[in-house]
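Values in this document were obtained by computation on a predicted structure and should not be read as measured data. Within every chain, numbering begins at 1; the chains are lettered A, B, ... in the order of the sequence lines, protein sequences first and strands thereafter.
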Amino acid sequence: MSTAEPREIHLTIPVAPEMEIAATAQVAALGEWMELGRDKIDEVKMAVVEACINAFEHSGTLDHKVELKFRVASESGADGGRTFLEVDVLDNGHGFDPSRVTAPQIGEKLRAPHKRGWGLRIIRSLMDDVRIVSGERGTMIVMRKYR
Amino acid sequence: MSETLKVTLEKPDGAVAILRTDGYINNTGGEEIARQAYALLGEGTVRLLLDLEKTKIVNSIGISILIEVLEKVLDQGGRLAFCHLTPTIEKTFQIMGLAQYARIFPTPEPALSWLRGEAE
């Protein structure tokens, strides 16, 4: 691929079981096209799955849909810039305050009745850059992985 | 587009059991693993190997159910091991700290040795 050739895909999925897997197909297609590498593609797929199921379960989205945008582009720079795959996951739910999400600890989770709450930690650990914009009109998670 | 998880059981001896997964470990996949694991615990088999060779993707709901299984295994004085993880699944387990309480091996053989107490 040419680093000067951006490529973008838009996808809307319903809030329904396993629709997150449909979203990962776009990651595979764009990731292979931009020669991202197998392990990095799998990491983006995992992050997309987590962002989707977070939206499915916690957003309270009014239209029962989640919108995704997949974009391959390059940063401008003297060395030609770094190429990246960026995925935006948007819902129109009630939003949340990311600063109030506590980091889960395995030792505590082993003894706690509620063992979930790992999604944001996984996303932040697997992706190179993560931004979360959330308010009363919904949430957008922007996740970037560099080649 | 069903990604229903299949779980097959092998008991190479009375001490350990191997659960081999094939498919997506999500909520329903995790529940199927838990169902079979709890049956094994109920009959006294407390050293379990989860072989994920045919699982290429998991989600945090499925892994949370695996944490429940791990809790019950440890409560009964057992051991839990994983093998054949993809690099991303292994990285995710490391991120979550699962490797502090369960062991991760590349293949079944060293995992079974550890489960049997033949190697630490």
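In terms of heavy-atom proximity, A/Ile106 sits nearest to B/Gly97 at CG2-O, 3.7 Å. The shortest non-hydrogen separation linking B/Thr4 to A/Glu18 is N-OE2, 4.5 Å. Heavy atoms only, all atoms of each residue included: A/Ser125 and B/Ile95 are closest at CB-CD1, 3.2 Å. In plain terms, the two heavy atoms of A/Lys115 and B/Ile67 that are nearest each other are CD-CG2, 3.7 Å.
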**Prompt:** After noting the C-alpha distance and the side-chain angles of B/Ile63 and A/Trp118, does the key distance pass the side chain to side chain contact (heavy atoms under 4.5 Å, CB included) rule?
**Reply:** CA-CA 9 Å; B/Ile63 303 174; A/Trp118 297 91; over 6 Å; no
**Item:** Audit row: B/Glu71, A/Lys109, salt bridge (charged side-chain N to carboxylate O under 4.0 Å, His left out) steps and yes/no
**Value:** CA-CA 9 Å; B/Glu71 179 183 22; A/Lys109 290 291 185 184; over 6 Å; no
**Request:** Any chance you could lay out the side chain to side chain contact (heavy atoms under 4.5 Å, CB included) test for B/Val58 and A/Met46, step after step, and finish with the verdict?
**Result:** CA-CA 7 Å; B/Val58 301; A/Met46 178 90 185; 3.6 Å; yes
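The structure places CG of B/Asn26 at 7.0 Å from CD of A/Glu20, a figure rounded to the nearest 0.5 Å. Expressed to the nearest 0.5 Å, how far CG of A/Leu110 lies from OH of B/Tyr101 amounts to 6.0 Å. From A/Arg121, atom CZ reaches atom OG1 of B/Thr92 across 11.5 Å, with rounding to the nearest 0.5 Å. Atoms CG and OG1, on A/Asp39 and B/Thr88 in that order, are 5.5 Å from each other to the nearest 0.5 Å.
Within a 6.0 Å sphere centred on NZ of A/Lys65, heavy atoms belonging to other residues, nucleotides or ligands number 12 at most. Annotation: B/Arg116, atom CZ; neighbour count of heavy atoms from other residues, nucleotides and ligands within 6.0 Å is above 12. The number of heavy atoms from other shown groups lying within 6.0 Å of NZ (B/Lys6) does not exceed 12. The environment of A/Glu136 atom CD is sparse: at most 12 non-hydrogen atoms of other residues, nucleotides or ligands sit within 6.0 angstrom.
When hydrophobic clusters are built by joining Ile, Leu, Val, Met, Phe, Trp and Tyr residues whose side-chain heavy atoms come closer than 4.5 Å, directly or via intermediates, B/Ile61 is grouped together with A/Met19. A continuous path of Ile, Leu, Val, Met, Phe, Trp and Tyr side chains, each step under 4.5 Å between heavy atoms, connects B/Leu98 with B/Leu80, placing both in one hydrophobic cluster. In this structure, B/Val7 is a member of the same hydrophobic cluster as B/Leu66, with clusters built from ILVMFWY side-chain heavy atoms closer than 4.5 Å. A/Met143 and A/Val72 fall within the same hydrophobic cluster, defined by Ile, Leu, Val, Met, Phe, Trp and Tyr side-chain heavy atoms under 4.5 Å apart, directly or through other members. Cluster membership check: A/Leu62 does not share its hydrophobic cluster with A/Ile141, using side-chain heavy-atom separations under 4.5 Å among Ile, Leu, Val, Met, Phe, Trp and Tyr.
Only the side chain of B/Gln100 comes within contact range of chain A, with heavy atoms under 4.5 Å apart. Interface residue A/Arg111: backbone and side-chain heavy atoms are both found under 4.5 Å from chain B. In this structure, no portion of B/Asn27 lies under 4.5 Å from any heavy atom of chain A. Heavy atoms of A/Ile53 lying under 4.5 Å from chain B belong exclusively to its side chain. Heavy-atom distances place both the backbone and the side chain of A/Glu43 under 4.5 Å from chain B.
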